[in-house]
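Presented below is the structure to which this report refers.
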Amino acid sequence: MKLASLPTSLPRKVVGIKSGCATAQRLMELGVIRGLEVEVLGRAPFGDPLRVRLGTTTVALRSTEASLIEVDE
Amino acid sequence: MTLMPTEGTSGCGDCSVTTSNRPPTALTIGGASAPIALIGNPNTGKTTLFNALTGYRRHVANYAGVTVETARGPLLGGPRQIELLDLPGTYSLSPISPDEALVRDILTDPKAELHPAGVLVIVDATHLRRNLYLVGQLLELNRPVVIAVNMTDVARTQGLEIDCRLLSERLGAAVIPIVATRQATLAPLRDALQALVDEPRPPTPSVALPAVGDRTPDDVQARYGWVDAILVDVLRRVSPARVGWSERLDRVLTHRVGGLAILLAVLFLVFQALFSWAGPMMDVIELGVGWLSATTESALPAGLVRDFVVNGLIGGVGSVIVFLPQIALLFLFIAILEDSGYLARAAFMLDRVMRAFGLTGRAFIPLLSAHACAIPAIMGTRTIADRRERLVTILIAPFMSCSARLPVYTLFIAAFIPALSLGVIGLQGLVMFAMYLVGVAVALPIAWLLRRSAFAGAAPPLILELPTYQWPKLRTIWQRVSLACLSFLRRAGTIIVVMNAIIWALGTYPRSPAAEAAVLQQASTEGWPAERVEATLAFARLEASCLGRLGHGIEPVVQHLGWDWRLGVAVLSSFPAREVVISTLGILYRLGSDVNESSAGWDDVLHGARHADGRPVFTIPVALSIMVFFALCAQCSSTLVTIGNETRSWRWPLISFFGMTALATLAAWVVYQVGSRVL
């Protein structure tokens, strides 16, 4: 399942990331690698971007970026 | 606020600093060798630590044509003089933005101008794992390193315990727990830095660093494997994690409906406050200036010297420094919004709006700070990774109403917009808010156009950290506000004085004895009162001067905007800096009117200004036309120079200047033509 379609407040583990772009590179450097606990904390007023917890870090990601991250079901 | 290329303020994302154009002499300063670089992830308290270690003595230098946003300052309290170099925040030494590339270059290139002798890396105890990634990359460079673990107090309240001694053993480098906001915790760090300079030795990590590059997922995975091996028994959770207050606050402040309402209310309050809170302070300054010029006027003998001192110097500079309280307030609000962490939330909430124009929420941060000054905002775009987005942001930043426009708005709104109030909302504040919206309303469609023409490309990504909220630090805020005020005053004392002197001279010479004689002749035959004689004489002198001739030359153009020739001259004269228009207006309308007292308030000057046929020069449509012109024009040489530096081309500043001037003229024309028919 992609992080972008994860419901709010449901922590899940990262199982993979679609690499090959600078965005994926940066997400991985922020710790988004297999096993990291991630969670969608909320959505912006217009539904996008998402407020996401990556381990201990809170970041804003657009659905496009959040779709790079695969989490377990 | 507009700035000269040689001096000014710089926002650099996390702190405002004065810049000086001192050329780099050598890397040795005061006997110390190469500096120690301070690096760290963004939002780790890096600037707070820098300020605490250097006693707020920072200065930024321009190096070899580029304005490097690296502040330097002396490390206080040690036997040896050590210089600290504050580098931009970075998550990794594999850069994706110009800012990060700078950090990588300085650290890895031994020939780089600021190549440090050693590195102080600050890590956030509450995000230790992520921060150690950068530390790992740093250790691979094999340079002497000291690691400061900041916010150990916050980590403890979150139930985290960090064994710094064990961490130090594993990393093979000094690890010092600190709380950057508390001086008492910094003494061991100072000692460690002294030791690093006395006996520089490369780190000797006991857990072998992975021999990898940076470019593949496996590389990153391997380095995080190293981080996790380091962290075993170093980082322990002693009590269960709970939802922090910052997250609870975010549920309200970034709420899909409530959050947006709060954001709009905050922005509106800021602009409303600019108008209402600054008023009393401005009155005090205006009184002081009035008193000073009245006193000077009575102390000096009548003549050219008195004329110059009273009208050219005191009148001109005084009319500008009246706006100091507003500029202080504006920088205060923006510093608070940024330092507290709220600005990142605003960027998050507005990302969807910005996306419609081909930008991301990240661009919102420099664009908001451009309301204080476009120059730090333009330099602040270096944190934007996407090149096209960065360039578009640079080009639209000058449309944001900076603090140099504030005096123009304030002046005309106070004089021509009635002080009605609708409940708590004043009409004057509302018009002010509208003027700020004009800039935004024009800038966003231009961004849209640019993203579809010169900078067409895929939508840039958004990865924006939302740092834990924190109370704004008083000293940081104070530093930013005071530096902004000092820079404004310095400019009032230099460029504005020079421009005033030139304007005054051009408006006084050459004199025309024939024209003066004609006035005196007419006066004596018609028996005018002395006041009228004086006023008519002054006007005749002004018309005969260089400025008068120039003004009459451009009058056929500017009259379509509702301006008389003096207004046209005032606008021309403010090319170096927008605020100059205020002092020029003051000089011109005082020179050529019966309001020849520089102690007379702005209201009297503006309402007293007359066309040759006796019609008032300033009406509401004229006031709106001039305000709209200033909202959209590019009258700031320093901004243009900065655009040139940051885009590394002379094309973009030229396009900016001519494009914005054309747009401003067109908009002023529409506003005047429509306004004079409707109002």
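The sequence lines fix the lettering, A, B, ..., with proteins before strands; numbering per chain opens at 1.
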Could you tell me if the side chain of B:Tyr224 sits less than 4.5 Å from the side chain of B:Leu132, heavy atoms only?
no
With a 4.5 Å limit on heavy-atom distance, are the side chains of B:Leu231 and B:Leu128 in contact?
yes
Which answer fits A:Leu36, side chain, backbone, both or neither, if we ask what part of it has an atom under 4.5 Å from a heavy atom of chain B?
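The side chain, not the backbone.
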Of all of A:Gly47, A:Cys21, A:Ala22, which one pairs up most often with chain B through heavy atoms under 4.5 Å apart?
A:Gly47
Mind ranking A:Leu30, A:Leu41, A:Thr64 by heavy-atom pairs under 4.5 Å with chain B and telling me who comes out on top?
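The option with the most such pairs is A:Leu30.
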Can you tell me which portion of B:Arg355 sits under 4.5 Å from chain A's heavy atoms? Options are side chain, backbone, both or neither.
both
Please look at B:Thr126 and chain A and tell me whether the side chain, the backbone, both or neither of the residue comes under 4.5 angstrom of a heavy atom of that chain.
backbone
Checking side-chain polar atoms at under 3.5 Å, does B:Tyr91 have a donor or acceptor matched by the opposite partner on B:Glu465?
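Distance-only check passes for B:Tyr91 and B:Glu465.
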Flag the pair A:Arg43 and A:Asp48 as a salt bridge only when some basic side-chain nitrogen lies within less than 4.0 angstrom of an acidic carboxylate oxygen.
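Answer for the salt bridge query: no.
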May I ask you to decide whether B:Arg251 forms a salt bridge with B:Glu247, counting only side-chain N to carboxylate O separations under 4.0 Å?
yes
Taking everything shown except A:Arg34 itself, do over 12 heavy atoms lie less than 6.0 Å from its CZ?
no
Should the heavy atoms of other residues, nucleotides or ligands under 6.0 Å from CH2 of B:Trp471 be counted, would the total exceed 12?
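No, the 6.0 Å shell around CH2 holds no more than 12 heavy atoms from other groups.
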Max heavy-atom pair count under 4.5 Å with chain A, selected residue of B:Val227, B:Asn131, B:Asn43, B:Thr254
B:Thr254
Options B:Val257, B:Val353, B:Thr360, B:Thr468, ranked by heavy-atom pairs under 4.5 Å with chain A, top entry
B:Thr360
What's the verdict on side-chain contact (heavy atoms from CB on, under 4.5 Å) for B:Thr393 and B:Leu367, showing C-alpha distance, side-chain angles and the deciding distance?
CA-CA 7 Å; B:Thr393 310; B:Leu367 290 180; 4.1 Å; yes
Under 4.5 Å, heavy atom to heavy atom, which residues of residues 50-63 of chain A contact chain B?
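Within residues 50-63 of chain A, the residues under 4.5 Å from chain B are A:Leu50, A:Arg51, A:Thr56, A:Thr57, A:Thr58, A:Val59, A:Ala60, A:Leu61, A:Arg62.
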Please report the interatomic distance CZ(B:Phe455) to CZ(B:Arg390), rounded to the nearest 0.5 Å.
11.0 Å
